[in-house]
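Chain naming here is simple, since letters A, B, ... match the order of the sequence lines and numbering starts at 1 in each.
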Amino acid sequence: MAKQILLNNIEVPGLAGFEVYRRLGGYSAVEKALKNFTPDQVTEEVKKSGLKGRGGAGFPAGMKWGFIDKKNETRYFVCNYDESEPGTFKDRFLGQMNPHLLIEGMILGSYALGARSSYIYIRGELFYVLKILEKAIDEAYLNGFLGENIKGSGYSLDLYVHPGAGAYICGEETALLESLEGKRGNPRIKPPFPAIVGLYGCPTVVNNVETIAALPWIMNNGGEAYAAIGIGNSKGTKLISACGHINKPGVYEIELGLPVEEFIYSDEYCGGIRNGNKLKAVVAGGSSVPILPAHLILKTAKGEPRLMSYESLAEGGFETGTMLGSGGFIVMDDTTCIVKNLLTFSRFYHHESCGQCSPCREGTGWIEKILTRIENGQGTMKDIDLLVNIARHVEGNTICPLGDAAAWPVASAIRHFREEFEEHVKLQRCPLSK
Amino acid sequence: MSLIKVTIDNIEVEVEAGTTILNAARQIGGSVVPPAMCYYSKLEGSGGYCRTCLVKVAQGSAKDPRPMPKLVPSCRTTVQDGMVVQNITSPEVMENRRAITEFLLINHPLDCPVCDQAGECHLQDLSYAHGLDETQTVEERRTFEPIDIGDKIKLNMNRCILCYRCVKVADQITDHRVHGVLGRGDHSEISTHILKAIDNDFSGNMIDVCPVGALTDKTFRFKSRVWFTKPFDAHRECPTCSGKTAIWMKGEEILRVTGRKDKYGEVEEFICNDCRFNHKEIKDWIVEGPRTIERHSVISQNHYQK
């Protein structure tokens, strides 16, 4: 059995309730931190742990905390629960099953950063999870882990859950802050970064649910113990939401460094491809990361086995590699039409573009229209090159990373599966449709 | 205040700390100034949206000479001492500017022949300078019906490039804003909740700041092509604003009144609606003399010289 940090007690009945969570050792990290640690020492532990942001970008969490402007008395800690990337559903599962773990992590993070009010910004569609979280927060207040003078430590914290209205873009941290302030969820132009000017103009740290949920374990066992798990600079465990054409879709906790082949084929995890079909391609980290064909996802271009880690998946750059991203692992077998799959992704990005800056606003719509034509057999060879060009000019030219997220799937699908696009054009139809 | 050195397209200039790359380039002037469709120096927080002014920073500063990894919006990036910027000398910047121009045009109706803004349109100038000769799109454009967004203001959303200038005008120089951006992505639109809701002494400035023909003056609509009218500096005693305007005449008739715009198309001072819409008689004004239009566009042709 692999190392379990986040999903350790996930199957215990009643875990979402305070009683059970507490009985299993819950909130001991908060007690320990408030009693024996200064806020800076908590930050130090997180830095030692090497924990990276689990939302997708993989930025070291401790370093992000280190940027916060401590001169300002009012600081905020915000949890990014706007998980909406196609293929990613790990946070939904975690918060729904173990809400107190997230709350405990929120208290630890808030204490480390000196925040008096903290927010969980949850995606609007996850309203039932919001209900679960609100119930858990009430329980935490009742038992003295939230509110004035937590457990006699002199530290006070208020925690709020705020639902979004269903916009993917509000998962971008500055758009999230705008939305939290009650404004239109448009990403801000950076710099300044939230660590300097964040929520209501005050220094703010925004972290992903899974990042925050890892904090109690780090506090209990020490940063060094966490850093001992994993491989290279990929420390600890990662939740992977596996979906697509596999026998056992679901949320798995893996120790970083697990071979991709083992993850796909072993019975402990995905359990192989459905109906014994052949693996065609994998999108390893949520819809925005580059798609890889079977031979490149199982082995790097150098022929080494590909591992589930930040470094190994990125091996080879975007030419032959991809990213760990948010851990949305989408597996496709040989019945999948790559063009149609790309069209689905592109339709999503077109729908979710906020429209603030021109390359993304216009580019995403254009990409979707061209792909629709190709998939319907009305494309031309010129369209394929045009798609590559559009993607190239959207990427890196936008205010926020949504532009990149929309461009990478297009560029990578054409890079690795160009023949399939050409076949659509030659046959004037989708070769895989009946 | 100490001055810092920055090099733009091999031209060195000394500017105050905190200046943006775009404003540093404007101090040099001429062809090294990046085009700006959404930045407006008189509106706080404007810029960063259209991406036409993206430039390459080949050297971050004297202290940290690393180049910036991506192209940066010159209107929102402040200069550092010893920064080296490439604008027209960078093929990458020019190639991207071509692409951004194309993005701005793929849903634009290209109805210049019937658009009041033609001749003084920034998008028109941008596409002359950076656009392709032929379109690469076969797709249908997204369309909206033109609406009266205020009593005297027409909104043709098809032409809008979502620069947010009119939103910022309403935020910053009127007492309350009743219009904004509804929807998102390429189907987002400038609109009001209630029809013809914009009714404010300074709302007409939305027309002046609009870089394209999305917001036009209904009292001037279809009266004349702008280049057939002659601009004069004029002023009047106005209790609301400075009263300093440009009047645009054809023969003895005043066809429209606007703010006095500089070579970047920005007004020197915002004017009130009373001056703009209600004073179209020559007796209302004290005419100072012909106005030279410094902008390089159709509008600057065919005028009296000072």
Side-chain angles (χ1 to χ4, degrees), chain A residues 165-170 175 183-192 347-373 378-380 382-383 385-387 389-404 406-407, chain B residues 20 37-39 45-54 56 68-73 75-78 92-93 95-108 123 126 132 135-142 160-164 167 171 180-190:
Chain A
Y168 171 68
I169 191 64
C170 291
K183 299 180 195 146
R184 185 183 155 85
N186 278 358
R188 293 177 186 166
I189 293 162
K190 285 162 281 187
R347 186 186 300 131
F348 173 81
Y349 289 113
H350 175 207
H351 184 68
E352 296 295 344
S353 169
C354 79
Q356 194 176 210
C357 61
S358 24
C360 172
R361 177 182 70 232
E362 305 295 344
T364 51
W366 197 6
I367 288 171
E368 189 202 333
K369 285 173 184 167
I370 296 173
L371 281 169
T372 308
R373 267 195 289 122
Q378 292 153 346
T380 63
K382 246 171 94 184
D383 284 336
D385 292 324
L386 186 57
L387 276 175
N389 258 322
I390 299 171
R392 193 158 56 89
H393 290 126
V394 172
E395 184 189 343
N397 284 346
T398 53
I399 294 174
C400 81
L402 194 140
D404 301 344
Chain B
T20 60
M37 300 295 288
C38 64
Y39 172 75
S46 66
Y49 308 130
C50 72
R51 317 307 275 183
T52 53
C53 74
L54 291 180
K56 189 181 172 79
M68 292 193 182
K70 294 188 210 171
L71 302 184
V72 298
C75 62
R76 282 297 193 106
T77 310
T78 45
E92 186 192 352
V93 169
E95 162 65 10
N96 269 288
R97 198 161 289 159
R98 182 203 64 68
I100 303 292
T101 306
E102 189 173 23
F103 285 136
L104 289 174
L105 289 172
I106 59 169
N107 274 313
H108 189 82
L123 187 57
L126 184 76
L132 290 174
T135 178
Q136 298 193 73
T137 49
V138 292
E139 272 78 29
E140 254 185 46
R141 284 148 206 259
R142 58 112 175 79
C160 178
I161 58 158
L162 287 164
C163 68
Y164 282 72
V167 179
D171 268 338
V181 179
L182 311 183
R184 67 182 178 207
D186 58 8
H187 32 272
S188 51
E189 58 174 314
I190 302 282

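- Contact of B/L182 with chain A is made through the backbone alone, with heavy-atom distances under 4.5 Å.
- Put simply, CG on B/D186 and OG on A/S358 are 12.0 Å apart, with the number rounded to the nearest 0.5 Å.
- Using a 4.5 Å cut-off between heavy atoms, A/T364 makes no contact with chain B at all.
- Across all non-hydrogen atoms, the minimal contact from B/V181 to A/R184 is O-NH1, 3.2 Å.
- With chain A as the partner, the residue from B/N107, B/T52, B/L71, B/V72 showing the most heavy-atom pairs under 4.5 Å is B/N107.
- Every residue was checked against the side chain to side chain donor-acceptor pair (under 3.5 Å) condition with B/T78, not counting sequence neighbours, and none meets it.
- The candidate from B/R51, B/K70, B/Q136, B/M37 with the greatest count of non-hydrogen atom pairs under 4.5 Å with chain A is B/R51.
- Note that the OG atom of A/S353 and the NE2 atom of B/H187 stand 8.0 Å from one another [nearest 0.5 Å].
- Side-chain atoms of B/Y164 and A/N186 include a donor-acceptor pair closer than 3.5 Å.
- Of the listed residues (B/L104, B/I100, B/L54, B/I106), the one with the most heavy-atom contacts under 4.5 Å to chain A is B/I106.
- When heavy atoms are compared at a cutoff of 4.5 Å, A/L386 approaches chain B solely by way of its side chain, counted from C-beta outward.
- Applying the salt bridge (charged side-chain N to carboxylate O under 4.0 Å, His left out) test to residues at least two apart or on different chains, the pairs with a partner in residues 352-369 of chain A are A/R347-A/E368, A/E352-B/R184.
- Heavy atoms closer than 4.5 Å to chain A are found in the side chain of B/E102, but not in its backbone.
- Separating the NE2 atom in A/H393 from the CG atom in B/N96 is a distance of 5.0 Å, to the nearest 0.5 Å.
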